[in-house]
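Let me begin by presenting the structure, written as C-alpha cells, before commenting on it.
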Amino acid sequence: MTKNILHSSKTTEWYTPPHLIELARKVMGKIDLDPASNNVAQKWIKAEKYYTIEDDGLTKIWTGNVWLNPPYGNGITTKWIDKLLEEYGSMVMPEAIILVRPAVSSRWFNTLAQNFVRCETLFRIRFIDANGTEQKSPAHGNVLFYVGKKNMGTFVEVFDRIGVISRPI
Ligand SMILES: C[S@@+](CC[C@H](N)C(=O)[O-])C[C@H]1O[C@@H](n2cnc3c(N)ncnc32)[C@H](O)[C@@H]1O
C-alpha cells in the first residue's frame, strides 16, 4: 500500500458494504462505472470500469450507469457532485446512484435534494475499511440519491425497504 493511500485511509478509505451495492445493482441492472474507487471495493462492486486515486476519476469522461460514493472532506465532495451533474447533463451517463453524508447545509446537498429522489437510511451504514473490517460505531446516517429518470420507480420500490424516501416538490 502506498504512502498516499495510507494517508487518505484516515479520511476516504471507507467502502460501501456489499448489501447496498446489491440494491443499487437491482435498480440499475448493472454498474458500468465506479469513478471513485480502489481494487479492494471492486471485489464486490464489480463495475465494468473503475477509476482509482491514481487514475483521477475527476479527469475522465463518465459513461453508463454510475455508482458513486465520493471521497469526502472540505471542498472535496462538492467537486464530485459538480462533476456528476456535468456528466449527467451530457447525456452519456443516463443514471447514477450516489451515497453521501446528510450534509443538509451544503450547497451540493441542497442541489441534489431539490432535483432528485433520495433515501435517508434508517440505520447507520457500517462501512468497510481497506483491510475488510466493518466499521464499529458509525457516527451518522447516510443518504442515497437516484440521479436519472429511467429507473426512478424501481429505486423508490427497492430503497423504501431500508429508509425514508423523499422527493423534490
Ligand atoms: C468513500 S471511498 C468509496 C469506494 C467505493 N467506490 C465504494 O463505494 O466502496 C472513495 C474512494 O475514492 C478514491 N479516490 C480518492 N480520490 C480519487 C480520485 N481523484 N479518483 C478516483 N478515486 C479516488 C479513494 O481512494 C477511495 O477508495
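Ligands are counted one by one from 1 in listed order, and the atoms in each one are counted from 1 as well. The chain is numbered in sequence order, starting from 1.
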Within-cut-off N or O pair, A41 and ligand 1, under 3.5 Å: no

With heavy atoms of E13 as the reference, note each atom of ligand 1 found under 4.0 Å away. 24 (C), 25 (O), 26 (C), 27 (O)

Measure the distances from the heavy atoms of I45 to every atom of ligand 1 and state whether one is below 4.0 angstrom. yes

With the threshold set at under 4.0 angstrom, would you say F127 reaches ligand 1 through any of its heavy atoms? no

How about Y15 and N69: does a side-chain donor come under 3.5 Å of a side-chain acceptor? no

Would you check the N or O atoms of Y72, main chain and side chain alike, for any that come under 3.5 Å of an N or O of ligand 1? no

Provide the number and element of each atom of ligand 1 under 4.0 Å from a heavy atom of G57. 18 (C), 20 (N), 21 (C)

Is any N or O atom of W14, backbone or side chain, closer than 3.5 Å to an N or O atom of ligand 1? no

Counting each atom of ligand 1 from 1 as listed, which ones have a heavy atom of D34 under 4.0 Å away? 5 (C), 6 (N)

Near N38, which atoms of ligand 1 are under 4.0 Å from a heavy atom of that residue? 4 (C), 27 (O)

Would you say ligand 1 has an N or O under 3.5 Å from any N or O of Y15? no

Kindly identify the option in I21, D55, T52 whose heavy atom sits closest to atom 21 (C) of ligand 1. T52

Check step by step if ring-ring contact (aromatic ring centres under 6.0 Å, His included) holds for F109 and F145. CA-CA 10 Å; F109 186 94; F145 283 92; 5.5 Å; yes

Please state which part of N69 comes within less than 4.0 Å of ligand 1, counting heavy atoms only: side chain, backbone, both or neither. both

Provide the number and element of each atom of ligand 1 under 4.0 Å from a heavy atom of D56. 18 (C), 19 (N), 20 (N)

Only heavy atoms of T16, strictly under 4.0 Å: list the atoms of ligand 1 that pass. 7 (C), 8 (O), 9 (O)

Any heavy-atom pair between the side chains of S37 and Y51 that's under 4.5 Å? no

Any heavy atom of W80 closer to ligand 1 than 4.0 angstrom? yes

Flag yes if L99 and L84 sit in one hydrophobic cluster, no otherwise; membership is Ile, Leu, Val, Met, Phe, Trp, Tyr, and two members link when side-chain heavy atoms are under 4.5 Å apart. no

Look at K26 together with E22 and state whether they make a salt bridge at an N to O cut-off of under 4.0 Å. no

Sequence neighbours excluded, every pair satisfying salt bridge (Lys or Arg N to Asp or Glu O under 4.0 Å) that has a member inside residues 105-128: D82-R107, R118-E120

Element-labelled atoms of ligand 1 that are located less than 4.0 Å from some non-hydrogen atom of Y51: 21 (C), 22 (N)

Does the side chain of W14 come within less than 4.5 Å of Y72's, by heavy atoms? yes

Is the number of heavy atoms from other residues, nucleotides or ligands within 6.0 Å of NZ (K79) greater than 12? no

Side chains of E86 and Y88: donor-acceptor distance under 3.5 Å anywhere? no

Other residues, nucleotides and ligands only: do more than 12 of their heavy atoms fall within 6.0 Å of CD1 on I61? no

